[in-house]
Amino acid sequence: MDATAKRLLDWYDAHARDLPWRSPPGAPPPEPYRVWLSEVMLQQTTVAAVGPYFAKFLARWPTVMDLAVADDAEVMAAWAGLGYYARARNLLACARAVAARGGVFPDSEAALRELPGLGAYTAAAVAAIAFGERAAVVDANVERVAARLLALDEPLPAARSAIRAEVMRLTPAERPGDFAQAMMDLGSTVCTVRNPRCLLCPLAEDCEGRAAGPERFPVKPAKKARPARRGRAFWIERDGAVWLVRRAGKGMLGGMRALPDDGWAARGDGAGEPPLAGSWQAGGVVRHGFTHFDLELQLMLYSGSDWDSLPANTGEWWRLDRLEEAGLPTLFAKAARLALADKD
DNA sequence: GATACGTGGAC
DNA sequence: TGTCCAAGTAT
């Protein structure tokens, strides 16, 4: 085994984080279902945010077969607030694909890579952690650790092939899953984006980037400014219930329950019409930052009583005293909070 | 390779 | 307070 890998595993044996989806260092791996579920939730999402969602999903759908027969609406609602909702849609598609093969996950990186929602990272992570395959697990933590070890001047994303080659070279045949998790723990607790704790690092003696200033690595391209968009959302209330719709299956907040809106997501100009003609009044503004634009959402309150003109089968009346269960994404949860606060 | 796709925490 | 960013994937 490579000496660097050995140092890292020794460090992991002493310092591994205790996480709900993880086995202790050297212990038999968790069930593939748990590894897969946690890895999908952890895509671009912090450990702290995932914790309660992982517990909720595992309690409600203890096995992949349970998840495969779940109602889409329940799964989407359970995912609400976690973000990147394509993950929830792919989670269901993947569970059903696994159920179709008897509820048994494929055990190789290449076969896992064919499942919905499993890209290069997740396929390698599940293969290494759940099945002990020697696969190159490269996430943002590992990229940072590797770029610093090599003092890699080439900027991302072009540097990824060199990083992947280095990670593959370092990954041991013994305990590849622990090695992957050790690299990620190191990146998140020691080799951090800002103020890395080199004095605590088990790989300091191997690190080319330490002397040059580890924070220089990895080199990243400049960020683009986020444009601003405006839109309107429509609050229609009747007898202690609000009118909710289901968003289209793709695109922004796809597949999620929502307030009706004017199409800001698709057009960006907020040109769409309210679902009811008649009297509307402004009810405040919600500001919400998405990955690639900032939204200023004008909440519009309906003050008429022509509810029967709502297009049938395009939405549902949802009781206000159970609004938490609707599974609104954060943007619309904020808007609902505003609408209900205005009534006081 | 570039872009769309959420959210909340850290500093 | 605004900026950066996180266990990425699909197209």
Side-chain angles (χ1 to χ4, degrees), chain A residues 17 19-22 34-54 76 79-91 93-94 112-130 135-145 155-161 167 177 179-189 191-195 215 218 220-227 229 247-256 258 265-266 268 286-295 327-334:
Chain A
R17 286 181 293 174
L19 301 173
W21 45 84
R22 183 183 270 187
R34 295 180 182 227
V35 176
W36 163 72
L37 180 62
S38 64
E39 289 299 342
V40 172
M41 288 183 167
L42 286 161
Q43 290 166 6
Q44 295 286 288
T45 307
T46 58
V47 164
V50 166
Y53 285 86
F54 180 77
M76 299 309 290
W79 196 276
L82 200 54
Y84 283 147
Y85 299 101
R87 291 184 295 171
R89 304 194 297 271
N90 285 328
L91 192 80
C94 181
L112 287 160
R113 182 68 181 80
E114 299 303 311
L115 293 170
L118 280 83
Y121 163 77
T122 307
V126 175
I129 297 170
V137 179
V138 183
D139 75 330
N141 288 304
V142 178
E143 273 182 0
R144 187 170 57 254
V145 171
L156 293 175
R160 294 219 162 98
S161 63
V167 172
F179 175 83
Q181 293 175 95
M183 286 284 277
M184 294 190 279
D185 273 17
L186 189 72
S188 61
T189 64
C191 194
T192 47
V193 175
R194 288 175 295 270
N195 303 315
E215 286 178 289
K220 293 185 178 182
K223 293 247 187 294
K224 295 173 185 174
R226 283 195 302 192
R229 287 194 201 175
R247 295 178 65 81
K250 293 186 176 180
M252 285 294 299
L253 312 177
M256 300 299 287
V286 173
R287 295 175 207 286
H288 192 74
F290 290 105
T291 307
H292 53 297
F293 63 91
D294 290 314
L295 179 66
L328 294 176
T330 300
L331 168 68
F332 293 113
K334 284 183 185 175

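Note on naming: letters A, B, ... go to the chains in the order of the sequence lines (proteins, then strands), and numbering restarts at 1 for each one.
- As judged by a 4.0 angstrom heavy-atom cut-off over every strand, A:Ala120 is placed among residues touching the sugar-phosphate backbone only.
- Atom CZ of A:Arg160 and atom C1' of B:dA2 are 12 Å apart (whole Å).
- Summarising the geometry, the separation between CG on A:Leu331 and C1' on B:dG6 is reported as 10 Å, rounded to the nearest angstrom.
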Could you pull out every donor-acceptor pair under 3.5 Å between side chains of residues 122-130 of chain A and any protein atom, sequence neighbours left out?
from     : atom 1 : to      : atom 2 : distance (Å)
A:Thr122 : OG1    : A:Gln43 : NE2    : 2.9

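- Listed by residue number, A:Glu39, A:Leu42, A:Gln43, A:Gln44 are the residues of residues 38-47 of chain A with a heavy-atom contact under 4.0 Å to DNA chain C.
- Straight-line distance from the CZ atom of A:Phe290 to the P atom of B:dC5: 9 Å, rounded to whole Å.
- The main-chain N or O of A:Arg17 is found under 3.5 Å from a side-chain atom of A:Asp185 such that the two form a donor-acceptor pair.
- Residue contacts for A:Arg17: at a heavy-atom cut-off of 4.0 Å it reaches a base atom on one of the strands shown.
- With sequence neighbours excluded, no residue forms a salt bridge (charged side-chain N to carboxylate O under 4.0 Å, His left out) with A:Arg113.
- Using a 4.0 Å heavy-atom criterion, one finds that A:Gly81 contacts the sugar-phosphate atoms exclusively.
- In this structure, A:Lys224 reaches the sugar-phosphate backbone alone: every heavy-atom distance under 4.0 Å involves primed, P, OP1 or OP2 atoms, never a base.
- Side chain A:Thr291 to base B:dG6: a donor-acceptor pair is found below 3.5 Å.
- Within 4.0 Å of A:Leu19, counting heavy atoms only, lies at least one base atom of the nucleic acid.
- If you find the closest nucleotide of DNA chain B to A:Phe293 and to A:Asn195, the one lying nearer the 5' end belongs to A:Phe293.
- Using a 4.0 Å heavy-atom distance criterion, A:Arg22 is classed as a base contact.
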Show which side-chain atoms of residues 47-54 of chain A pair as donor or acceptor with protein atoms under 3.5 Å away, not counting sequence neighbours.
from    : atom 1 : to      : atom 2 : distance (Å)
A:Tyr53 : OH     : A:Ala80 : O      : 2.7

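- Nucleic acid contact for A:Leu82: base, since at least one base atom lies under 4.0 Å from a heavy atom of the residue.
- When heavy atoms are screened at a 4.0 angstrom cut-off, A:Trp36 is found touching no nucleic acid atom at all.
- Within the 4.0 Å cut-off from OP1 or OP2 of B:dT7, at least one side-chain nitrogen or oxygen of A:Tyr85 is found.
- For the C1' atoms, the distance from C:dA6 to B:dC5 is 14 Å, rounded to whole Å.
- When the P atom of B:dG9 is taken as reference, atom CZ of A:Arg194 falls 15 Å away, rounded to whole Å.
- Along DNA chain C, the nucleotide closest to A:Lys220 and the one closest to A:Asn90 are compared, and the more 5′ of them pairs with A:Lys220.
- For A:Asn90, the side chain to side chain donor-acceptor pair (under 3.5 Å) criterion is met by no residue, not counting sequence neighbours.
- B:dC11 and C:dA7 are spaced 14 Å apart, taking the P atom of each and rounding to whole Å.
- Atoms CZ (A:Phe332) and C1' (B:dT7) sit 15 Å apart, rounded to a whole Å.
- Scanning DNA chain C 5' to 3' for nucleotides with an atom closer than 4.0 angstrom to a non-hydrogen atom of chain A gives a first and last hit of C:dC5 to C:dA10.
- Taking atom CH2 on A:Trp79 and atom P on B:dG6, their separation rounds to 12 Å, with Å as the unit.
- The CE atom of A:Met41 lies 7.0 Å from the CG atom of A:Leu91; values are rounded to the nearest 0.5 Å.
- Separation of the P atoms belonging to B:dG8 and C:dT9 is 22 Å when rounded to the nearest angstrom.
- Nucleic acid contact for A:Ala49: none, since no nucleic acid atom lies under 4.0 Å from a heavy atom of the residue.
- With rounding to the nearest 0.5 Å, the separation of OG1 in A:Thr291 from CZ in A:Phe293 is 9.0 Å.
- Distances shown here put every side-chain N or O of A:Lys250 at or beyond 4.0 Å from the OP1 or OP2 atom of B:dA4.
- The distance between atom CG of A:Leu253 and atom P of B:dC5, rounded to the nearest whole Å, is 9 Å.
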- Just do the ring pair (Phe, Tyr, Trp, His ring centres under 6.0 Å) check on A:His292 and A:Phe290 with the steps written out, would you? CA-CA 6 Å; A:His292 53 297; A:Phe290 290 105; 7.5 Å; no
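- With contacts defined as side-chain heavy-atom distances shorter than 4.5 Å, the pair A:Leu112/A:Trp36 does not qualify.
- When all heavy atoms of A:Arg144 and A:Gly187 are compared, the closest pair comes out as NH2-O, 2.7 Å.
- Of all heavy-atom pairs between A:Glu143 and A:Leu156, the closest is OE1-CD1, 3.6 Å.
- Dashed line: the shortest gap from a side-chain N or O of A:His292 to OP1 or OP2 of B:dT3 is not under 4.0 Å.
- The side chain of A:His288 contributes an N or O atom lying less than 4.0 Å from OP1 or OP2 of B:dT7.
- Contact annotation for A:Gly289: base contact, defined as any heavy-atom pair under 4.0 Å involving a base atom.
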